[in-house]
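Below is one structure; the comments refer to it alone.
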Amino acid sequence: MAPHVLILGGTTEARELAAALTALPGIRVTTSLAGRVKRPGTVTGDVRIGGFGGAEGLAKWLREERVDALVDATHPFAASITANAARAAAATGVPSVVLRRPGWRPGPEDRWHPVPSLKAAADLLPSLGRRVFLTTGRLGLAAFAHLTDLHFVVRSVEPPEPPLPPRTEVLLARGPFTVADETALLSAHCVDVLVTKDSGGEATAAKLTAARHLALPVVVVRRPPLPDDVVAVPDVAAVLERLGLSPR
């Protein structure tokens, strides 16, 4: 029977991993998507949509589908999914690895303000600016809903869910974005502070370069810590090596 790899997906890296694994002979690949985005990118191999029902449900699925390896390639801020994956892998004995793109690092000219949460970002904002470019995704905007005196430009792939700050302008767009585009956007909307999560990667990094060029402060929400004893690797090649599937 072909080895079965389950990828918890939804990221660019997950799609790249699925393509790399399906290109290998004799590997069965299933990518699981949460279903929060209506039009996910094309994924190679089998795809399932929806949750598992927590760690217990995932463990049951691993057993029933005879999964040989589990790769958590979800968003760096999907902390509950990562925790459930670690628990399910431990309960079933299925080898697992976390695929996480490296986080961003500030340069000497950056004006970054690292914070541990969206709430902390909201608490800090009034001291930094009045017109905010908020790029933390469409979920969790309730943390900023009480900031009635600030103007927000919110960008997300799909319409955000309420509650939202009362003075909010929504931009629907999907990266990657260029530095020129981001600089023009920040200037056109008279933005004086940027808020982002430390998602890492190149697709949305241009906004940081644009903020640097315009000398804007950037509030960066730090990633949640990984569960104890969970191993994370930075790229597809490292996942293949860890699973013993590197092309010869």
Minimum-distance pair of heavy atoms, taken over all atoms of [X] and [Y]:
{"X": "Cys190", "Y": "Arg131", "result": "O-CD, 3.3 Å"}
{"X": "Ala18", "Y": "Thr44", "result": "CB-O, 3.5 Å"}
{"X": "Arg222", "Y": "Pro114", "result": "NH1-CB, 3.5 Å"}
{"X": "Ala238", "Y": "Val233", "result": "CB-CB, 3.6 Å"}
{"X": "Pro159", "Y": "Arg138", "result": "O-CD, 3.7 Å"}
{"X": "Ala120", "Y": "Ser117", "result": "N-OG, 3.1 Å"}

Walk me through whether Val231 and Arg242 qualify under side-chain contact (heavy atoms from CB on, under 4.5 Å).
CA-CA 10 Å; Val231 175; Arg242 184 164 182 84; 3.6 Å; yes
Tell me whether [Y] is reachable from [X] by hopping between hydrophobic residues (I, L, V, M, F, W, Y) whose side-chain heavy atoms are closer than 4.5 Å.
{"X": "Trp104", "Y": "Phe177", "value": "no"}
{"X": "Val236", "Y": "Val29", "value": "yes"}
{"X": "Val193", "Y": "Leu208", "value": "no"}
{"X": "Leu243", "Y": "Leu24", "value": "yes"}
{"X": "Trp112", "Y": "Val221", "value": "no"}

Is the closest side-chain donor-acceptor distance between [X] and [Y] under 3.5 Å?
{"X": "Arg155", "Y": "Thr135", "value": "no"}
{"X": "Thr183", "Y": "His213", "value": "no"}
{"X": "Arg100", "Y": "Thr82", "value": "yes"}

Is there side-chain contact between [X] and [Y], with at least one heavy-atom pair below 4.5 Å?
{"X": "Leu134", "Y": "Leu141", "answer": "yes"}
{"X": "Pro76", "Y": "Asp198", "answer": "no"}
{"X": "Asp235", "Y": "Val239", "answer": "no"}
{"X": "Leu185", "Y": "Leu171", "answer": "yes"}
{"X": "Leu139", "Y": "Glu161", "answer": "yes"}
{"X": "Glu202", "Y": "Arg101", "answer": "no"}
{"X": "Leu245", "Y": "Ile27", "answer": "yes"}
{"X": "Leu194", "Y": "Leu216", "answer": "no"}

Go through it in stages, so that I can follow the logic: the residues are Asp149 and Arg130, the test is side-chain contact (heavy atoms from CB on, under 4.5 Å), and I'd like the CA-CA distance, side-chain angles, deciding distance and then a yes or no.
CA-CA 8 Å; Asp149 294 334; Arg130 312 301 295 177; 3.3 Å; yes
Go through Leu240 and Leu17 one step at a time and tell me if the side-chain contact (heavy atoms from CB on, under 4.5 Å) criterion holds.
CA-CA 8 Å; Leu240 297 180; Leu17 177 61; 4.1 Å; yes
Nearest 0.5 Å please: distance from the [atom1] atom of [X] over to the [atom2] atom of [Y].
{"X": "Asp181", "Y": "Thr178", "atom1": "CG", "atom2": "OG1", "answer": "3.0 Å"}
{"X": "Leu8", "Y": "Leu99", "atom1": "CG", "atom2": "CG", "answer": "11.0 Å"}
{"X": "Thr30", "Y": "Leu21", "atom1": "OG1", "atom2": "CG", "answer": "11.0 Å"}
{"X": "Asp192", "Y": "Leu128", "atom1": "CG", "atom2": "CG", "answer": "9.0 Å"}
{"X": "Thr74", "Y": "Ile81", "atom1": "OG1", "atom2": "CD1", "answer": "5.5 Å"}
{"X": "Leu58", "Y": "Asn84", "atom1": "CG", "atom2": "CG", "answer": "7.5 Å"}

Between [X] (side chain only) and [Y] (backbone N and O only), is there a donor and an acceptor less than 3.5 Å apart?
{"X": "Thr22", "Y": "Ala19", "answer": "yes"}
{"X": "His189", "Y": "Val191", "answer": "no"}
{"X": "Thr168", "Y": "Leu164", "answer": "no"}
{"X": "Asp68", "Y": "His4", "answer": "yes"}
{"X": "Thr11", "Y": "Ala73", "answer": "yes"}

Criterion side-chain contact (heavy atoms from CB on, under 4.5 Å) against Val115, the qualifying member of Leu124, Val195, Leu125
Leu124
Any salt bridge linking Asp110 with Arg212? Criterion: basic side-chain nitrogen under 4.0 Å from a carboxylate oxygen.
yes
More than 12 heavy atoms of other residues, nucleotides or ligands under 6.0 Å from CD of Glu65: is that the case?
yes
Between Ser187 and Leu214, is the side-chain contact (heavy atoms from CB on, under 4.5 Å) condition met? List the steps.
CA-CA 9 Å; Ser187 299; Leu214 296 172; 4.0 Å; yes
Relative to Trp61, does Arg48 satisfy both conditions: NZ or CZ under 6.0 angstrom from the six-membered ring centre, and within 45 degrees of the ring's axis?
yes
Take Glu158 and Arg174, measure what salt bridge (Lys or Arg N to Asp or Glu O under 4.0 Å) needs, and give me the verdict at the end.
CA-CA 9 Å; Glu158 295 184 358; Arg174 185 193 297 268; 5.6 Å; no
Can you list the steps and then say if Glu64 with Lys60 is a salt bridge (Lys or Arg N to Asp or Glu O under 4.0 Å)?
CA-CA 6 Å; Glu64 291 179 348; Lys60 182 174 182 289; 2.5 Å; yes
